[in-house]
Amino acid sequence: MSSESKNDRTREAKSAARAKAAAMLEQQRRRERRKSLLTWVAVGVGVVLVGGVITGVVVANSNTTGKAAAAVPSSAPTTASGVDSAPPWNAPADPSARAKAAGLTMLSAEGTVEHIHSHLTVAVDGKAVTVPALLGIDEANASISPLHTHDTSGIVHIESPVKATFTLGQVFTEWDVALAAGKIGSYSAASGDTVTTFVDGKPVTGDPAAITLANHEDIDIVVTKAGETATAPAAFTWPAGY
């Protein structure tokens, strides 16, 4: 083999190595950016209460200091605004806007005063509908709603810097999916479907958007054809640490 060919192969090998190293570095940077967003460190919380109503919150972390934000409304809205369509229902493109629609303000860190978890499942005609990851989490702006999801397990995280009431309607508003009595997305009696809501395995009536989220609460929404009997799924098995 000529020396020129050897040199060409050497240059190609070095170029490939540099490209691989650059790709690995970029992958590492992405992991670090995600980690910095989802691993929150709250170093200060100030709360002003007037007559039992939350009027303001100060939240700070290692990246943002002294920013004030009203974390939750004085009374959680029970209605759920969102699209009237069939699944899949993906995570919305602008989580901050959806949190605002739910009456919630994005924070610079997860709160620690109210820290509970509920579980949500949705099934349509016997098929599970994925509850998406990153509801209420704005990765682009490194901000998070006190009500959010991290993954597709259906676990809804309530991590607020103040004690407050959160509702299922707020979850669906952040998800951008319509929810009301007898209705989810495009499914309702008008479409020839029945929407049944179960809480801890028991059917509940009324507007499911008004359901108050509680720790280890199991919420199931089941869509069946009119005349069919809906049954609650098996109880959710909570992972260790919850």
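- Remark: Thr130 pairs with Thr152 by the side-chain contact (heavy atoms from CB on, under 4.5 Å) rule, at least two apart or across chains.
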Hey, can you pull the donor-acceptor pairs under 3.5 Å for the side chains in residues 226-242, sequence neighbours left out?
none

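- Side-chain contact between Glu139 and Ile137 is present, with heavy atoms from C-beta onward closer than 4.5 Å.
- The side-chain heavy atoms of Glu217 and Ile211, taken from C-beta on, include a pair separated by under 4.5 Å.
- Thr197 places no side-chain N or O within donor-acceptor distance of the main-chain N or O of Ile219, the cut-off being under 3.5 Å.
- Clustering ILVMFWY residues whenever any of their side-chain heavy atoms sit less than 4.5 angstrom apart, transitively, puts Val204 in the very cluster that holds Val171.
- Identified under the ring-ring contact (aromatic ring centres under 6.0 Å, His included) test for residues 120-149, with sequence neighbours left out: His148-His150, His148-His157.
- Residues Pro208 and Phe172 fail the side-chain proximity criterion, which asks for heavy atoms closer than 4.5 Å.
- Residues passing the side-chain hydrogen bond (donor to acceptor under 3.5 Å, both in side chains) test with Ser191, sequence neighbours excluded: Asp193.
- Taking the side chain as every heavy atom from C-beta outward, Leu168 and Ile221 approach each other to under 4.5 Å.
- Under the 4.5 Å side-chain heavy-atom criterion for ILVMFWY residues, a single connected hydrophobic cluster contains both Ile116 and Leu120.
- Side chain of Asp84 to main chain of Ser186: no donor-acceptor pair is present (N/O by atom type, distance under 3.5 Å, no hydrogens or angles).
- Within the 3.5 Å criterion, the main-chain N or O of Trp89 finds a donor-acceptor partner in the side chain of Trp175.
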What donor-acceptor contacts under 3.5 angstrom involve side-chain atoms of residues 92-100, with partners at least two apart or in another chain?
{"residue": "Asp94", "atom": "OD1", "partner": "Ser96", "partner atom": "N", "Å": "3.3"}
{"residue": "Asp94", "atom": "OD1", "partner": "Ala97", "partner atom": "N", "Å": "3.1"}
{"residue": "Ser96", "atom": "OG", "partner": "Asp138", "partner atom": "OD2", "Å": "2.6"}
{"residue": "Arg98", "atom": "NE", "partner": "Thr173", "partner atom": "O", "Å": "2.8"}
{"residue": "Arg98", "atom": "NH2", "partner": "Ser81", "partner atom": "O", "Å": "3.0"}
{"residue": "Arg98", "atom": "NH2", "partner": "Ser81", "partner atom": "OG", "Å": "3.3"}
{"residue": "Arg98", "atom": "NH2", "partner": "Thr173", "partner atom": "O", "Å": "2.9"}
{"residue": "Arg98", "atom": "NH2", "partner": "Asp176", "partner atom": "OD1", "Å": "3.4"}

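- The closest side-chain heavy-atom distance from Val223 to Val129 is not below 4.5 Å.
- Judged by distance alone, the side chain of Asp200 and the main-chain N or O of Asp218 form a donor-acceptor pair under 3.5 Å.
- Ile144 and Ile155 sit in two unconnected hydrophobic clusters of ILVMFWY residues. Membership requires side-chain heavy atoms under 4.5 Å apart, directly or through other members.
- Listed by chain and number, the residues in a side-chain contact (heavy atoms from CB on, under 4.5 Å) with Lys202 amount to none (sequence neighbours excluded).
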